[in-house]
Protein chains: 2
Amino acid sequence: MDIKYAILGFLGWQPLTGYDLKKMMAKSTPYYWSGNNNQIYTALVQLHKAGMVTNEVERRGHYLSRKIYTITDKGMAALREWLTSPPELPLLRNSFLVQLAWADQLEPHEQDCLLERYENEVASHLLILREEQRRGSLINPARTPREKYLWERISENHVQFYENELGWIHRTREEIKEK
Amino acid sequence: MDIKYAILGFLGWQPLTGYDLKKMMAKSTPYYWSGNNNQIYTALVQLHKAGMVTNEVERRGHYLSRKIYTITDKGMAALREWLTSPPELPLLRNSFLVQLAWADQLEPHEQDCLLERYENEVASHLLILREEQRRGSLINPARTPREKYLWERISENHVQFYENELGWIHRTREEIKEK
DNA sequence: AAGGACATGTAACACGTTACATGATTTT
DNA sequence: AAAATCATGTAACGTGTTACATGTCCTT
């Protein structure tokens with residue numbers, strides 16, 4: 001469960017609430033978990049049980065309260081250990097490729113429509129990513145120059161992935177047209 | 001549930017058993033489902049209930065038997081409809097990037113070890129992919145020149161993805177060394 | 001005789017998403 | 001007054017993996 005380590009990572013930075021974590025993950029590139037209450041809150045409970053985090057309840061007003069989580073030494077040690085564990089290959093699932101595998105059954109214009117739609121999807125997502133980078137709406141801790149560099153490279157990894165995909169689909173369409 | 005359409009795709013080609021499907025998926029690039037009984041057999045039951053496939057039980061010996069599934073017109077229509085439905089963006093999950101996000105906490109040599117391991121993982125996977133391509137151990141239907149071309153492009157998409165990743169990690173390591 | 005391929009299925013678990021449920025506080 | 005944000009949680013569902021369970025047939 002990656003998300004636990006992502007949480008530990010953020011808490012290693014500063015104490016945070018579940019709600020804070022949710023927002024931070026939504027704003028940072030490597031976190032593919034979509035704004036997801038269930039996962040975050042249950043992971044926090046599990047981390048608490050395992051002694052990796054402690055929480056302090058802060059009352060505000062009559063009913064409202066929030067839990068501020070802090071990482072423990074045990075949590076820091078677990079994070080460090082995970083950081084040095086063997087990295088895994090990325091998991092890639094592209095259902096478009098499954099469509100393409102059987103696209104020979106389509107009429108030529110339907111087939112090109114499919115390819116064009118995919119190209120547009122990728123291109124517009126790339127624009128969004130670049131815009132986010134440009135506006136600096138993504139989190140970049142930058143506590144040290146090295147950390148800043150690493151986060152920039154992670155962001156770059158995403159952009160490059162979509163650029164690569166765009167190049168591939170473009171060439172595919174060109175080659176089909178030539179026939 | 002993509003896998004249902006993948007099954008319909010293969011059955012559109014020829015009648016097959018669940019076991020056949022399992023092998024074919026394992027041998028073709030765009031099918032990311034790992035040799036998985038549960039999914040295939042339950043999907044076949046669901047497709048059968050939905051009238052997308054029929055099956056014929058072939059007895060062989062006293063106890064042994066196998067179910068040969070055939071796609072129906074309804075199944076073919078469902079497949080065609082899915083093929084023309086709007087493609088989705090690929091789903092990419094790279095837990096290595098989550099490790100990297102917090103890698104500033106590591107000693108320089110531990111950090112480079114992490115990067116090197118990832119580079120090696122990607123490089124060796126790329127070798128496997130290229131070897132599979134070269135040996136032709138991957139399925140390539142090639143019933144028409146266009147279909148052959150499409151499957152080659154799908155295979156190329158995979159290779160390009162890992163090549164891109166390899167380029168990215170290589171450059172990242174070089175830039176870190178320069179400091 | 002042993003091992004591998006053939007063949008079908010179930011059980012338990014892990015991960016992730018959407019939607020539901022509640023209600024206070026702050027901003028417009 | 002309405003809308004957005006803050007804040008925590010639960011329920012139901014979908015998808016995918018590993019391991020379990022069973023037994024035959026074919027090759028070495």
Side-chain angles (χ1 to χ4, degrees), chain A residues 1-7 10-11 15-27 30-50 53 55-69 82 88-95 98 137, chain B residues 1-7 10-11 15-27 30-50 53 55-69 82 88-95 98 137:
Chain A
M1 214 193 191
D2 265 14
I3 200 172
K4 283 186 186 172
Y5 297 105
I7 289 174
F10 281 113
L11 292 181
L16 294 163
T17 67
Y19 190 76
D20 293 330
L21 285 163
K22 191 179 154 182
K23 281 186 300 179
M24 295 180 92
M25 289 194 192
K27 277 190 188 176
Y31 302 100
Y32 30 77
W33 304 282
S34 71
N36 193 330
N37 289 3
N38 197 345
Q39 264 188 298
I40 290 174
Y41 287 108
T42 58
L44 281 170
V45 169
Q46 284 169 34
L47 287 169
H48 192 228
K49 270 185 197 162
V53 300
N55 67 42
E56 197 188 325
V57 180
E58 183 195 343
R59 300 227 164 272
R60 340 164 69 199
H62 295 290
Y63 300 94
L64 198 56
S65 66
R66 54 187 206 150
K67 290 179 186 167
I68 300 166
Y69 286 90
W82 181 71
E88 281 166 45
L89 283 177
L91 179 68
L92 180 60
R93 310 208 144 143
N94 194 342
S95 72
V98 182
S137 63
Chain B
M1 214 194 193
D2 265 14
I3 200 172
K4 283 186 184 171
Y5 296 105
I7 289 174
F10 281 114
L11 292 181
L16 294 163
T17 68
Y19 190 76
D20 292 330
L21 285 164
K22 191 178 154 183
K23 281 186 301 178
M24 294 180 92
M25 289 193 194
K27 278 190 189 176
Y31 302 101
Y32 30 77
W33 302 282
S34 72
N36 192 329
N37 290 1
N38 196 346
Q39 263 189 300
I40 291 174
Y41 287 108
T42 58
L44 281 170
V45 169
Q46 283 168 33
L47 287 170
H48 192 227
K49 270 185 195 161
V53 299
N55 68 42
E56 197 187 326
V57 180
E58 183 194 342
R59 300 228 162 271
R60 337 162 73 198
H62 295 289
Y63 299 94
L64 199 54
S65 66
R66 55 185 205 151
K67 291 179 185 167
I68 300 167
Y69 285 90
W82 180 72
E88 280 165 46
L89 283 176
L91 179 68
L92 180 60
R93 310 208 145 144
N94 194 342
S95 72
V98 182
S137 62

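Here the structure is a predicted model, which means the values were calculated and not measured. Within every chain, numbering begins at 1; the chains are lettered A, B, ... in the order of the sequence lines, protein sequences first and strands thereafter.
- Here C:dT8 presents its P atom at 10 Å from CD1 of B:Ile40, a figure rounded to the nearest Å.
- The distance between atom CD of B:Gln46 and atom P of C:dG9, rounded to the nearest whole Å, is 13 Å.
- In this structure, the CE atom of B:Met24 is 17 Å from the C1' atom of C:dA7, given to the nearest Å.
- In this structure, B:Asn36 places its CG atom 14 Å from P of C:dT10, rounding to the nearest Å.
- Comparing C:dA7, D:dA7, D:dG16 by their nearest atom to the side chain of A:Asp20 picks out D:dA7.
- Minimum atom distance to the side chain of B:Tyr69 is reached by C:dG9, of the listed D:dG9, D:dG16, C:dG9.
- In this entry the distance linking OH of A:Tyr19 with P of C:dT22 reads 19 Å, nearest Å.
- Each of D:dT17, D:dT8, C:dT8 was ranked by its minimum atom distance to the side chain of A:Arg66; first place goes to D:dT8.
- Listed candidates were D:dA7, C:dT17, C:dA5. Nearest to the side chain of A:Ser34 is C:dT17.
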Would you please test B:Leu47 and B:Lys4 for side-chain contact (heavy atoms from CB on, under 4.5 Å) and show each step?
CA-CA 7 Å; B:Leu47 287 170; B:Lys4 283 186 184 171; 4.1 Å; yes
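- Of the candidate nucleotides C:dC6, D:dT17, C:dT8, C:dT8 has the atom nearest to the side chain of B:Thr17.
- Within the 4.0 Å cut-off from OP1 or OP2 of C:dC15, not a single side-chain nitrogen or oxygen of A:Lys4 is found.
- Side chain of A:Lys67, nearest nucleotide from C:dT17, C:dT10, D:dT8: D:dT8.
- OP1 or OP2 of D:dT17 lies within a sub-4.0 Å distance of a side-chain N or O belonging to B:Gln39.
- Checked against D:dT17, C:dA7, D:dT8, the side chain of A:Tyr41 finds its nearest nucleotide in D:dT8.
- At a threshold of 4.5 Å between non-hydrogen side-chain atoms, the residues B:Leu44 and B:Tyr69 count as touching.
- Heavy atoms of B:Thr42 sit nowhere under 4.0 angstrom from any nucleic acid atom.
- Nearest nucleotide to the side chain of B:Asn37, out of D:dA7, C:dT8, D:dT17: C:dT8.
- C:dT17 atom P lies 12 Å from atom CG of A:Asp2, rounded to whole Å.
- Between A:Phe10 and A:Tyr5, the ring centre distance reaches or exceeds 6.0 Å.
- Smallest separation of non-hydrogen atoms from B:Pro30 and A:Val98: O-CG2, 3.9 Å.
- One finds no side-chain N or O of A:Lys23 lying less than 4.0 angstrom from the OP1 or OP2 phosphate oxygen of D:dT5.
- For C:dT17, its base sits under 3.5 Å from the side chain of A:Asn38 at one donor and acceptor pair at least.
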